[in-house]
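What's counted below: heavy atoms across the whole structure, side chains too, no hydrogens, waters or symmetry copies. Remember, predicted model here, so these are calculated numbers, not experimental data.
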Amino acid sequence: VIALRRKAAQGDAAAQHTLGKCYYHGDIVPQDYVEAVALFRRAADQGHLDALCNYAICCRDAKGVPQYDREAAQLFRHAANKGHAPAQCELAECFNSGRGMPVDHDEAARLF
């Protein structure tokens, strides 16, 4: 954990994402959604698509931040447009359920 924290503090996006997942799930460190969100955002700001998708999930599910369905949908769309398959599935769910955007079953089916 010490080496991972050091790499994350030095700006390593992969380390930030990995440490964020540790905080999100409470693996190796105490569960802390606020810290997870901060790490996901830092990694996402560097273009880490898994981190962007995980940050969007936190926004959608109100984990460490207030619930922001619209922002979550926009973040999923951004990652999906870059070919991130998990974000494409999450975006499809947004279209299917109408969370953060109007319901569009045709677009949901296309993304699935």
Side-chain angles (χ1 to χ4, degrees):
V1 171
I2 294 169
L4 188 59
R5 283 187 175 145
R6 187 176 321 122
K7 283 183 164 185
Q10 292 170 346
D12 182 302
Q16 291 167 338
H17 177 249
T18 300
L19 189 56
K21 289 193 310 182
C22 290
Y23 278 108
Y24 185 89
H25 294 290
D27 295 335
I28 307 171
V29 296
Q31 189 173 49
D32 184 340
Y33 293 127
V34 172
E35 185 63 25
V37 165
L39 288 159
F40 290 152
R41 285 190 72 169
R42 279 187 264 168
D45 287 346
Q46 296 179 68
H48 196 288
L49 295 179
D50 287 332
L52 180 61
C53 189
N54 284 330
Y55 173 56
I57 289 168
C58 290
C59 289
R60 180 196 64 202
D61 296 344
K63 302 280 187 172
V65 293
Q67 187 170 12
Y68 296 120
D69 285 341
R70 185 174 297 142
E71 181 176 354
Q74 291 171 349
L75 295 169
F76 288 137
R77 183 187 304 270
H78 181 72
N81 287 343
K82 293 186 179 276
H84 190 262
Q88 290 169 343
C89 290
E90 295 289 351
L91 182 60
E93 286 293 335
C94 291
F95 276 115
N96 200 41
S97 67
R99 270 184 99 169
M101 59 182 42
V103 170
D104 186 337
H105 296 295
D106 291 335
E107 185 63 13
R110 186 189 71 76
L111 287 162
F112 277 130

Kindly give the heavy-atom pair with the smallest separation between [X] and [Y], and that separation in Å.
X	Y	result
Cys22	Leu4	SG-CD2, 4.5 Å
Leu49	His84	CB-CD2, 3.6 Å
Ala43	Ala13	CB-O, 3.4 Å
Ala87	Ala79	CB-CB, 3.5 Å
Gly100	Ala73	O-CB, 3.9 Å

From [X] atom [atom1] to [Y] atom [atom2], the distance as rounded to the nearest 0.5 Å:
X	Y	atom1	atom2	answer
Asp50	Thr18	CG	OG1	9.0 Å
Phe40	Lys21	CZ	NZ	8.0 Å
Cys94	Glu107	SG	CD	11.5 Å
His78	Lys82	NE2	NZ	4.5 Å
His17	Asn54	NE2	CG	4.0 Å
Asp106	Asn96	CG	CG	11.0 Å

Show the numbers, then the answer: is there a side chain to side chain contact (heavy atoms under 4.5 Å, CB included) between His105 and Phe95? CA-CA 6 Å; His105 296 295; Phe95 276 115; over 6 Å; no

Please, which pairs that meet side-chain hydrogen bond (donor to acceptor under 3.5 Å, both in side chains) have at least one residue in residues 3-15, sequence neighbours excluded?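 Matches after skipping sequence neighbours: Arg5-Tyr23.
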
Under 3.5 Å, which donor-acceptor pairs link side chains of residues 55-65 to any protein atom two or more places apart or in another chain?
residue	atom	partner	partner atom	Å
Tyr55	OH	Glu71	OE2	3.3
Arg60	NH1	Glu90	OE1	2.4

Hphob cluster co-occupancy, [X] + [Y], side-chain heavy atoms under 4.5 angstrom:
X	Y	answer
Val1	Leu39	yes
Val37	Leu19	no
Met101	Phe76	yes

Looking at Gly11, is its backbone amide N or carbonyl O close enough to the side chain of Gln46 to form a donor-acceptor pair, meaning the two atoms are under 3.5 Å apart?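 Yes; at least one donor-acceptor contact below 3.5 Å.
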
Would you find more than 12 non-hydrogen atoms of other residues, nucleotides or ligands less than 6.0 Å from Arg41 atom CZ?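 No, CZ of Arg41 has 12 or fewer neighbouring heavy atoms, counting only those of other groups under 6.0 Å.
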
